[in-house]
There are 2 protein chains.
Amino acid sequence: MPPASSAKASHETPGSASGSRSPRAAASPDPLVEIQLGMAGIFADLADLLGNPSSLGSIYGLLFASPNPLSMEEIVERLGISTGTASQGLRRLVELEAVTPIKAEGERVTRYTAKLELRPFVSAFLNQQLLPRLGKSSDRLASLEEALGGLEPSDQEALRFRISRATKWHNRAKTFLPIIRRFLGST
Amino acid sequence: MPPASSAKASHETPGSASGSRSPRAAASPDPLVEIQLGMAGIFADLADLLGNPSSLGSIYGLLFASPNPLSMEEIVERLGISTGTASQGLRRLVELEAVTPIKAEGERVTRYTAKLELRPFVSAFLNQQLLPRLGKSSDRLASLEEALGGLEPSDQEALRFRISRATKWHNRAKTFLPIIRRFLGST
DNA sequence: TATTCATTTCATTTTGAATTGAAATCTCCA
DNA sequence: TGGAGATTTCAATTCAAAATGAAATGAATA
């Protein structure tokens, strides 16, 4: 099965259910679901662009296009993904504060809505993906610098320059992150 | 075999070749090669952070830490990768203008050096990876907006707002890219 | 407490991307 | 032109990450 975003919907709005099914583009009879799946696809691509599993994006996209909260079961059946994927994906999205769980009183299920702000998303990505990796690389660069000792003088000079160049890149990237956050995080 | 960055070197600086081999950390007897492999590892991580095959980064890192140009054969044996991977990786790096091929007169082999500037790298990444994807998403969003017609009025209102919100993000990201390029691209 | 449905967990499976390696092709020199 | 590398190509393989699904756990009602 293609990793989510494939159409499988059949619930909600029982009328006009089993009409003519054209071979391809049989997408969904319900225009709302159609838009939801479209949005799921868009966010799936975005997610994997940023190095996340695309199911994360699908789920967020579906919720983003849902006027009212959805339960995990609804998510599973609309996206055609497994409960395992849905459970883990929702957990992560809640951690990222991209999605809010709602436990209504007198209800057994938890329902979820997408937060419409970009900031938490971007922030989490920068803090959890980029910064740690940049930090690790910086450390490794520093330790390489200490290994310069055993080199022939000419090589030593050349490599010292290059390592410092790479270090400068890293620092620059690090100072740049807060700027990105501020810029993207106003809405 | 772990995807490159594993030690396998045995050429260059023939002296002190087969000394005592401690079980782990048998890395490399030659301090230059050691630094080169370290740099290869750092750039391998960076590459896959940006969604490129890590072999690309390994090769670039090795060249970045090489005072003089290396042939494909030398790259293959130092990184322990296949000729196929090396060939394709070098081709891509040359396309990205991250690496310069040098065909010396009276020599049969092509040798390669790393460009030490960051700009072409960043530029290529932004232009080839980010911009096209953002553009595609924008188009898809636009076409979703047209599908709003068939919705109940209340849903329609809510979704129109959300789609425009997502579109705004995209535009913001697009206007932001040139700024990044300028900022990172001075060196 | 027993029961039912929702959710989580995790060993297994799938899948797509990266890598391999060997054959085909190319290039240069004799 | 022939031959010896150097390089490219690409079908087959490998591998890591993601997804599955079923059993275990959890939560709420009756």
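Numbers restart at 1 for each chain; the letters A, B, ... are given by sequence-line order, proteins then strands. Every value quoted in this text rests on a predicted model; they were computed, and no experiment measured them.
The side chain of B:Thr83 lies closest to C:dG21 when the candidates are C:dA6, C:dG21, C:dA18. Comparing C:dT19, D:dT20, C:dT9 by their nearest atom to the side chain of A:Ile81 picks out D:dT20.
Residue A:Gln88 places a side-chain atom within donor-acceptor reach of the base of C:dC10, judged by atom type and a 3.5 Å distance cut-off alone.
With a 6.0 Å radius and a threshold of 12 heavy atoms from other residues, nucleotides or ligands, A:Glu95 has its CD atom above the threshold.
In terms of position on DNA chain D, the residue among A:Gly106 and A:Asn52 whose nearest nucleotide sits closer to the 5' end is A:Asn52. Closest-nucleotide positions on DNA chain D for A:Gly84 and A:Lys103 were compared, and the one nearer the 5' end corresponds to A:Gly84.
The aromatic rings of A:Tyr60 and A:Phe43 sit perpendicular to each other, their planes meeting at more than 60°, with 30° as the lower class boundary.
B:Val109 and B:Tyr112 are members of different hydrophobic clusters when ILVMFWY side chains are connected at heavy-atom separations under 4.5 Å. B:Ile102 and B:Val76 sit in two unconnected hydrophobic clusters of ILVMFWY residues. Membership requires side-chain heavy atoms under 4.5 Å apart, directly or through other members.
A heavy atom lying under 4.0 Å from DNA chain D marks the following residues of residues 108-115 of chain B, by number: B:Arg108, B:Val109, B:Thr110.
Contact between the side-chain N/O atoms of A:Ser87 and the OP1/OP2 oxygens of D:dG21 is not found at any separation under 4.0 Å. Contact annotation: A:Ser82 side-chain N/O to D:dA19 OP1/OP2 distance is not under 4.0 Å.
Rounded to whole Å, atom P of C:dC5 lies 16 Å from atom CD of A:Glu77.
Of the possible polar contacts, one joining the B:Asn127 side chain to the B:Ser123 backbone as a donor-acceptor pair under 3.5 Å is found.
With sequence neighbours excluded, the residues forming a side chain to side chain donor-acceptor pair (under 3.5 Å) with A:Ser71 are A:Glu74, listed by chain and number.
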